[in-house]
Amino acid sequence: MGADAAPATPVLEVENLSLSFGGIRALNGVSFAVQPGSITSVIGPNGAGKTSLFNSISGFYKSTGTVRVDGKPIDHLHPPERAKLGLARSFQNIALFRGMTVLDNIKLGRHAHMKTGLLDALFYFGRARREEVELRREVEERIIDFLEIDHIRKAPVASLPYGLQKRVELARALAMRPRLLMLDEPVAGMNREETEDMARFILDVREEWGVPVLMVEHDMGMVMDISDHVVVLNFGQMIAQGTPREVQANPEVAAAYLGTGDVADLRRRVAAETRLPETREVA
Amino acid sequence: MRIATAKETYAADEALFDTAVQRVWFAILLAALALFPFLADQYWLFLAGLAAINVISVTGLNILTGYTGLVSLGQAAFMGVGAYTVAVMEARLGTPVLLNLLGGGLVAAGVGMVFGLPSLRVKGLYLAIATIAASFILHFVFANWTSVTRGVSGINVPPAAFFGMALDTPFKLYWLIMPITVLLLLGAANLFRTRVGRAFIAVRDRDISAEVLGIPLLRTKLTSFALASFYAGVAGGLWAYFFRVVTPESFPLLLSIFLLAAIIVGGMGTILGGILGAVFMTLVPEFLKLLVGFVTPVWPDAAVHLSPVRTVVFGAMIVGFLIFEPQGLAEMWRRTRRFFHLWPFKT
Ligand SMILES: Nc1ncnc2c1ncn2[C@@H]1O[C@H](COP(=O)(O)OP(=O)(O)OP(=O)(O)O)[C@@H](O)[C@H]1O
Ligand SMILES: [Mg+2]
């Protein structure tokens with residue numbers, strides 16, 4: 001457990017998680033927890049197993065070990081049931097539905113919480129109409145306004161630039177009634193300004209929605225800036241965890257990233273990449 | 001050009017026909033459909049009935065293949081299930097028409113779900129092959145379960161009776177077929193305003209992430225199969241009343257291919273596409289026949305020489321669509337509409 005572990009029940013607990021693909025050990029006995037209201041980041045070199053970790057938590061990969069949400073084991077649950085519990089996520093390679101508008105993509109996130117059945121849907125009477133209009137209002141007022149995507153709500157997602165697509169993915173995750181927001185590389189491929197916007201949204205989600213965040217990210221500047229807790233993976237193994245400061249000071253982490261033990265160099269590189277001073281105040 | 005309309009409520013923005021102009025057009029269309037039987041002769045009423053039956057079946061297939069991304073070559077066989085169910089209910093039990101049609105739809109839906117089970121494991125071409133199995137197995141059942149289906153001789157279906165009146169002409173049947181077609185089309189359009197339709201599209205676009213986002217794959221795919229087969233079953237039931245005899249050869253694999261071609265020509269994954277595709281596939285061969293008829297007075301041998309050409313022309317038109325308008329007739333319609341909305345500012 002990290003130094004910042006609180007006595008409250010963690011939102012997510014991962015215990016001794018292991019996963020193999022043929023001969024590759026993608027995850028090897030990984031254990032950590034996400035505390036309520038925190039931003040936890042998972043970092044590690046390419047191929048370290050970060051996405052595999054997310055997919056295991058989502059139930060898409062069948063791993064061994066235990067995953068608990070709010071103290072309850074969820075290992076027997078299928079992915080859709082885990083989604084319903086509030087494990088809301090975005091994907092490393094944007095996974096929007098190209099045949100739908102922005103609005104429909106976002107609405108889709110609420111699927112598991114809606115009750116409209118086939119007959120209701122065919123007649124679009126009573127429950128179907130009520131649920132759809134209610135959902136529309138909530139999506140408009142709580143999500144679209146919040147993420148500043150009013151201007152594209154009716155646009156087909158395929159026509160949007162990359163940065164906006166990532167934002168729509170965040171919107172869809174928010175529509176899932178998140179208990180935990182899991183973001184796989186939310187700012188990969190973004191320019192500086194887009195990165196700052198995204199960092200601000202992530203912090204705002206935590207503040208305004210009270211939703212903790214678990215995030216995989218390669219942008220060290222952003223990770224060190226907004227995380228409360230950092231978990232470091234290398235070759236499927238957790239080699240360190242702690243506050244951003246502790247992790248930065250850890251020689252093993254530096255070695256994993258550089259292939260050498262040159263800690264000073266890593267510190268310099270992290271310092272050079274560190275930006276977003278303004279977001280620290282917001283946090 | 002059309003003036004932009006501002007909407008006051010979310011409910012208004014979620015409406016099926018969201019502008020007054022659209023509602024007026026829809027009313028005009030309904031009026032035209034209601035007037036048509038009084039203006040058309042037997043031949044055109046026959047074609048209208050056949051086209052409407054095909055529209056229902058194609059719309060069902062469009063839900064499955066166009067919207068959910070599950071390619072099926074079993075649609076005709078599921079029409080057969082509906083047709084036989086209706087034939088048996090009508091000829092043996094004498095139950096009311098609407099109940100028979102509902103029965104045909106439900107039995108077909110059940111059978112469709114069973115044959116949809118492989119869709120959890122296979123997709124694309126492999127699923128298409130798996131659904132061909134439905135065609136063969138069901139044909140075998142139709143031909144050999146003689147105590148129910150009377151084997152190869154088939155079942156003669158008495159005319160549908162509605163409040164004591166026998167619906168035995170295309171004119172009378174029109175009033176049964178057309179309202180059902182309109183209702184089923186509205187149902188399909190409604191579907192895609194709700195979570196059920198969104199789940200279908202999500203499964204088509206990315207089934208793996210859809211699951212992680214809370215959409216149960218098996219359930220969604222089977223729902224789509226059930227619905228597509230329900231539409232096929234009702235269409236098959238109407239077919240039984242329309243042709244009044246059902247045999248194992250009534251619903252061949254070729255018909256499934258015809259239905260699949262209709263959604264491709266019309267436009268996959270749009271309700272309008274299913275309608276246009278079915279009408280096109282039903283009527284164009286007839287138009288070509290008429291065309292041959294026109295030249296017969298000047299060229300008496302036309303029928304002999306042009307009939308094979310007719311088939312080739314029809315085939316060439318389908319290929320032309322695949323190459324030049326892969327999005328189908330629905331996309332051509334949208335482009336035309338856009339042109340008039342923007343005209344004369346942008347052409
Ligand atoms: N579906 C799969 N089948 C086989 N091997 C896989 C699969 N998914 C991941 N792997 C392997 O597991 C290891 C971890 O991959 P993973 O995608 O989790 O890394 P990552 O930390 O997310 O990397 P990146 O930073 O590049 O996104 C890699 O060696 C990868 O090749
Ligand atoms: Mg990854």
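Here is the naming used below: chain letters follow the sequence lines, and residue numbers restart at 1 for every chain.
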Check this for me: A:Tyr162, atom OH, are more than 12 non-hydrogen atoms of other residues, nucleotides or ligands nearer than 6.0 Å?
yes
In terms of heavy-atom pairs under 4.5 Å, which option from A:Gly109, A:Ser58, A:Pro79, A:Ala88 contacts chain B the most?
A:Pro79
Under the ring-ring contact (aromatic ring centres under 6.0 Å, His included) test, which residues partner B:Tyr67, sequence neighbours left out?
B:Phe192
For chain B, the option from A:His113, A:His78, A:Lys115, A:Arg129 that forms the most heavy-atom pairs under 4.5 Å
A:Lys115
Heavy-atom distance under 4.5 Å to chain B: side chain of A:Met176, backbone, both or neither?
side chain
Out of the candidates B:Val58, B:Ile180, B:Ile177, only one should pair with B:Ile53 under the side-chain contact (heavy atoms from CB on, under 4.5 Å) rule; please name it.
B:Ile177
Listed pairs under 3.5 Å, donor-acceptor, residues 199-206 of chain B side chains, sequence neighbours left out:
| unit_1 | atom_1 | unit_2 | atom_2 | d |
| --- | --- | --- | --- | --- |
| B:Arg204 | NH1 | B:Gly66 | O | 2.9 |
| B:Asp205 | OD2 | A:Arg98 | N | 3.1 |
| B:Asp205 | OD2 | A:Gly99 | N | 2.7 |
| B:Arg206 | NE | A:Leu96 | O | 2.9 |
| B:Arg206 | NH2 | A:Ile94 | O | 3.2 |

Contact list (residues 221-233 of chain B to chain A, heavy-atom gap under 4.5 Å, by number) returns B:Thr223, B:Leu227, B:Tyr231
Would you find more than 12 non-hydrogen atoms of other residues, nucleotides or ligands less than 6.0 Å from A:Trp209 atom CH2?
yes
B:Arg219 atom CZ: more than 12 heavy-atom contacts under 6.0 Å
no
Residue part contacting chain B, namely of A:Arg137, when any heavy atom lies under 4.5 Å
both
Top contributor to chain A contacts, counting heavy-atom pairs under 4.5 Å, from B:Leu184, B:Leu183, B:Leu186, B:Ile208
B:Ile208
NZ/NE/NH1/NH2 to OD/OE distance under 4.0 Å, A:Glu131 and A:Arg110:
no
May I ask you to decide if the ring planes of B:Phe78 and B:Phe115 are parallel, tilted or perpendicular, using 30° and 60° as cut-offs?
tilted
Top residue by heavy-atom pair count (under 4.5 Å) with chain B, among A:Gly117, A:Ala173, A:Ala95?
A:Ala95
State which residues pass side-chain contact (heavy atoms from CB on, under 4.5 Å) with B:Leu185; sequence neighbours excluded, sorted by chain then number.
B:Val55, B:Thr59, B:Thr181, B:Ile271, B:Ile275
Would you mind checking which part of A:Phe123 comes under 4.5 Å of any heavy atom in chain B, side chain (CB onward), backbone (N, CA, C, O), both or neither?
backbone
Structural part of A:Lys84 lying under 4.5 Å from a heavy atom of chain B:
neither
Counting only heavy atoms from other residues, nucleotides and ligands, does the tally under 6.0 Å from CZ of A:Phe146 exceed 12?
yes
At a heavy-atom distance under 4.5 Å, which candidate from A:Arg172, A:Glu81, A:Met114 has the highest pair count against chain B?
A:Met114
